[in-house]
Peer 1: 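Can you read through this structure? Questions will come right after.
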There are 2 protein chains.
Amino acid sequence: MMNLSIAEENYIKSIYKLEEEGQEAVTTNALANELDTKPASVTDMAKKLKEKQLISYEKYQGINLTSEGKKAALSIIRRHRLWECFLVDKLSFSWEEVHELAEELEHVRSEKLINRLSDFLGNPQIDPHGDPIPDALGKMGKPRVQTPLHKAKAKRLEVVAVSDKSTALLEFLNAKGIRLGTQLDVIERYEFDNSIELKIRNQPAFTISEQVSKNIMVKPI
Amino acid sequence: MMNLSIAEENYIKSIYKLEEEGQEAVTTNALANELDTKPASVTDMAKKLKEKQLISYEKYQGINLTSEGKKAALSIIRRHRLWECFLVDKLSFSWEEVHELAEELEHVRSEKLINRLSDFLGNPQIDPHGDPIPDALGKMGKPRVQTPLHKAKAKRLEVVAVSDKSTALLEFLNAKGIRLGTQLDVIERYEFDNSIELKIRNQPAFTISEQVSKNIMVKPI
DNA sequence: ACTTTTATTTAGATTTACCTAAACTTTATT
DNA sequence: AATAAAGTTTAGGTAAATCTAAATAAAAGT
């Protein structure tokens, strides 16, 4: 396997993520946005990654991973998710705070280290967010259907879990009638504050903040 | 604490190491050699680190860490040595192979991560090589007196351990009369192959290779 | 003290990963 | 279909960390 810089790895990972989220070809803008950088920088990197045969790319036509690129992405994702497991299971971090740390740890590229870490953790199949972990050969289970509400794409959803167990949140959800198994309809998503307007059955619609929606795990019905 | 790049951290760590090994002021050449880079690059970085007040440096006069610089060094060393403990204790790596991995892991700068890792490991005081681990406040125990023979500075030494337990090595040492507690006199160190000429008591001198001397742990008498 | 050798620094380039501003394509709107 | 808007690329530049080659300073040898 080729030797990638940290920047290159981050691009590959983001392209994989955006492809998985649905776009046929990943656009320059979407990638710039995902990586918190400028479109011009994305174009530069796209040329480099094409040169290395990790992506297919034609001017103005967007980006897709080649099979080599996918292999690389899965290896990075494997490292990321195993470190997340380690942080949560062994160092008792909460699942919300591990992402950034795993983001750094994932760039230590050593097959041996990662395979031993996996053994040490009991070869887990899913990470603390519920995402599947690719095995040493790059095989990965089905992507999870369950996502936090603020990221859900579908309009009709069912509540499957609440991740923040603070009484304040639980009381709020109770008051709104949101509990496990509740079916929600997304009426509207407001860009400016990422709040979401919801409806339950035939009851009047109401709005919840991004903070709240982040902690409601849902799956499409 | 300031935010250092990986390159800067590596310089700080090497300067600390060379200071500890005895030089009053660390020379450009020694540092270039330690970091496997060119003297010109060291001069560049010295200017930058001086700017950041981590070292004192005057043209042609060598380098020393300031107290800020020492604090930074101890923090990096703490991270490095804790990761070494983790790799050996939890992932069953052998102590010779952990250095390079720890070299990468050490650059993940998170106090919280490192303190939790330390707790998880039972707050060890020494790493797998026998070196002391600075605590969260930067306090560190006495540097170990025991070193592999190829690094020992003193001329009169006592054998305190043998790290490679292969029969081939043990037979060789036995034939030469080297065992635990044996007193050695270093007669000469040969630069070209790092071999060492030794004498035991009044017996005739003999020479051992670097390979062998790396596996003989000694302390000064 | 002078000269040679060794060590160090400067000057000028290079590479990676960015950036801004301007130019150019594609897509959407009238 | 023409034009406006949005998205993308190019051109040219910057900062970090490196390098080589040349210049300069310090140390060692005579």
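Atoms considered below: every heavy atom in the structure, side chains included; atoms not considered: hydrogens, waters and symmetry mates.
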Peer 1: Please determine if Glu106(A) and Lys13(A) form a salt bridge, counting it only when a charged side-chain N lies under 4.0 Å from a carboxylate O.
Peer 2: yes
Peer 1: Using a cut-off of strictly less than 4.0 Å, decide whether Lys38(A) has a side-chain nitrogen or oxygen near OP1 or OP2 of dC18(C).
Peer 2: no
Peer 1: Is it the case that more than 12 heavy atoms not belonging to Lys199(B) sit under 6.0 Å from its NZ atom?
Peer 2: yes
Peer 1: Which part of the nucleic acid, if any, lies within reach of Ser41(A) when heavy atoms closer than 4.0 Å are counted: base, sugar-phosphate only, or nothing?
Peer 2: base
Peer 1: Assuming nearest nucleotide by heavy-atom distance, tell me which of Ala40(B) and Asp36(A) is located more 5' along DNA chain C.
Peer 2: Ala40(B)
Peer 1: Taking side chain to side chain donor-acceptor pair (under 3.5 Å) as the definition, give me every residue that meets it alongside Asp193(A), ordered by chain and number, with sequence neighbours left out.
Peer 2: Ser195(A)
Peer 1: So, does Lys47(B) get its side chain near the phosphate of dT10(C), meaning an N or O under 4.0 Å from OP1 or OP2?
Peer 2: yes
Peer 1: Where the side chain of Thr43(B) is concerned, which of dT18(D), dT9(C), dT9(D) is the nearest nucleotide?
Peer 2: dT9(C)
Peer 1: Classify the ring geometry between Phe120(A) and Phe120(B) as parallel (under 30°), tilted (30 to 60°) or perpendicular (over 60°).
Peer 2: perpendicular
Peer 1: Taking only N and O in the side chain of Thr27(B), is any of them less than 4.0 Å away from OP1 or OP2 of dA7(C)?
Peer 2: no
Peer 1: Can you check the Glu8(B) CD to dT18(D) P distance for me, whole Å?
Peer 2: 10 Å
Peer 1: Check whether any side-chain nitrogen or oxygen of Thr37(A) sits under 4.0 Å from OP1 or OP2 of dC18(C), and answer yes or no.
Peer 2: no
Peer 1: Rounded off to whole Å, could you give me the CD1-to-P distance for the Ile63(B) and dA7(C) pair?
Peer 2: 16 Å
Peer 1: How many Å lie between CG on Leu35(B) and P on dC19(D), as a whole number?
Peer 2: 10 Å
Peer 1: Do Gln146(A) and Val218(A) have side-chain heavy atoms sitting under 4.5 Å apart?
Peer 2: no
Peer 1: Among residues at least two apart in sequence or on other chains, which ones pass salt bridge (Lys or Arg N to Asp or Glu O under 4.0 Å) with Lys59(B)?
Peer 2: none
Peer 1: Check the distance between dT8(C)'s C1' and Leu31(B)'s CG and give it to me in whole angstrom.
Peer 2: 13 Å
Peer 1: At under 4.0 Å, does any side-chain N or O of Asn29(A) touch on OP1 or OP2 of dA6(D)?
Peer 2: no
Peer 1: Round to a whole Å and report the spacing from CG of Leu4(B) to P of dA15(D).
Peer 2: 20 Å
Peer 1: Quick one: is dC18(C) close enough that its OP1 or OP2 comes under 4.0 Å of any side-chain N or O from Tyr11(A)?
Peer 2: yes
Peer 1: Are the side chains of Arg79(B) and Ser75(B) in contact, using a 4.5 Å heavy-atom criterion?
Peer 2: yes
Peer 1: Heavy atom of residues 50-61 of chain A under 4.0 Å from DNA chain D: which residues?
Peer 2: Tyr57(A), Lys59(A), Tyr60(A)
Peer 1: Rounded off to whole Å, could you give me the CE-to-P distance for the Met45(B) and dT8(C) pair?
Peer 2: 18 Å
